[in-house]
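Some notes on the structure that comes next.
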Number of protein chains: 2
Amino acid sequence: MTYNDASYKDKKVISIGTVSELTGLTERQIRYYESRQLIFPERTKTGLRKYSFQDVETLIEIANHLEEGVWTSEIRKELKKREQQLNNSNIRTNLIKGQINAHFKI
Amino acid sequence: MTYNDASYKDKKVISIGTVSELTGLTERQIRYYESRQLIFPERTKTGLRKYSFQDVETLIEIANHLEEGVWTSEIRKELKKREQQLNNSNIRTNLIKGQINAHFKI
DNA sequence: CGTGTAAGGAATTCTGACACG
DNA sequence: CGTGTAAGGAATTCTGACACG
């Protein structure tokens, strides 16, 4: 195993047209959510935006929240909170993985 | 968990320029290996090629083989063999996963 | 066999703005 | 606030071919 699968999820390689298809959102909407600091695509040297699968999932959640009438400012707060929880959870997950690997050595 | 991570690996969403960066191969080379039946990108309605992370990994292996002087026809045979083995291995892996899940129910 | 390149065209993406509300 | 659109330009990608060997 060269990579762990998580590296695929976070690698920014998808262009906006494909993200639009994957999420059902328009490019206009996707760019707007970036201006509202909800997602953070990378840029190629020439300025083209690149997104990750994680961004795609976040965008789908954003769309769901907006349909419920939640403001982007509120969504931003929740996404930040979630990211914090994720960090904590990963610490524990890695601990568990380490124990499992130590015992099984698959 | 909405998706399992494998779905990211096989989803064809990366355009050829990005694949070129990821692999260090020229677009010419990447298209040529397709003509030799070593990789199978999808196409958008308008004809643009889309690759998966799995394709990227395969391309890197192709490049390594070619450096060793192996012909594309030989590489094709090996890739087919490998795919067959992968199928068998997945059957067993899923069996094991099922057993683990049945006992731990994380 | 595997790869480079110039050629012309088609499809994608970018930004800033006007619009509605 | 969130989204649509027309506008003009820049960057990407495509195919078929000539070239070397």
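All values derive from a computational prediction rather than experimental measurement. Naming: A, B, ... by sequence-line order, numbering from 1 per chain.
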Check: Can a salt bridge be assigned to the pair B/K80 and B/E83 using a cut-off of 4.0 Å between side-chain N and carboxylate O?
Finding: no

Notebook entry, point to check: If we call it a pair only when both distances are under 3.5 Å in a Watson-Crick or G-U wobble match, what pairs with D/dT3?
Noted result: C/dA19

Note to self: Taking only side-chain N and O atoms of B/R49, does any of them lie within less than 4.0 angstrom of OP1 or OP2 on D/dT13?
What the structure shows: no

Notebook entry, point to check: In whole angstrom, what separates A/L66's CG from D/dG4's C1'?
Noted result: 16 Å

Check: OP1, OP2 of C/dT13 versus side-chain N and O of A/S15: anything below 4.0 Å?
Finding: yes

Notebook entry, point to check: When all nucleic acid strands are considered with a 4.0 Å heavy-atom cut-off, which category describes A/T44: base, sugar-phosphate, or nothing?
Noted result: nothing

Checklist line | NZ/NE/NH1/NH2 to OD/OE distance under 4.0 Å, B/K11 and B/E42 | finding: no

Next item on the list: Return the nearest nucleotide to the side chain of A/I16; candidates are C/dC14, D/dG2, D/dT13.
Entry: C/dC14

Note to self: Which nucleotide wins on minimum distance to the side chain of A/Q29, given the candidates D/dC14, C/dT15, D/dT3?
What the structure shows: D/dT3

Checklist line | Distance test, side-chain N/O of A/Y33 to OP1/OP2 of D/dT3, below 4.0 Å | finding: yes

Check: Is the shortest distance from a Lys or Arg side-chain nitrogen in B/E21 or A/K50 to a carboxylate oxygen in the other one below 4.0 Å?
Finding: no

Next item on the list: Please determine if a side-chain N or O atom of A/T46 lies less than 4.0 Å away from the OP1 or OP2 oxygen of C/dC14.
Entry: no

Notebook entry, point to check: Does OP1 or OP2 of C/dG2 have a side-chain N or O of B/T72 closer than 4.0 Å?
Noted result: yes

Checklist line | Under 4.0 angstrom between A/Y32 side-chain N/O and D/dG2 OP1 or OP2 | finding: yes

Note to self: Is there, by distance only and without an angle test, a donor paired with an acceptor across the side chain of A/R28 and the base of D/dT5 below 3.5 Å?
What the structure shows: yes

Notebook entry, point to check: Can you check the A/E34 CD to D/dG2 C1' distance for me, whole Å?
Noted result: 16 Å

Checklist line | Minimum heavy-atom distance between B/I39 and B/T58, given as atom pair plus value | finding: CG2-CG2, 4.1 Å

Next item on the list: Calculate the interatomic distance between B/R43 atom CZ and C/dT12 atom P; express it in whole Å.
Entry: 13 Å

Next item on the list: Please state how far atom CD in A/E27 lies from atom P in D/dG4, giving the value in whole angstrom units.
Entry: 11 Å

Check: Between D/dC14, C/dT3, C/dC14, which nucleotide gets closest to the side-chain atoms of A/L48?
Finding: C/dC14

Notebook entry, point to check: What is the distance from CZ of A/R31 to C1' of D/dG2, rounded to the nearest Å?
Noted result: 15 Å

Next item on the list: With a 3.5 angstrom cut-off on both distances, give the Watson-Crick or G-U wobble partner of D/dC14, or none if there isn't one.
Entry: C/dG8

Checklist line | B/K45 vs B/T26, nearer the 5' end of DNA chain C by closest nucleotide | finding: B/T26

Note to self: Quick test of your reading of the model: are B/E78 and B/K81 salt-bridged, counting only N-O distances below 4.0 Å?
What the structure shows: no

Note to self: Please compare B/S73 and A/K50 by the position of their nearest nucleotide in DNA chain C and report the one closer to 5'.
What the structure shows: B/S73

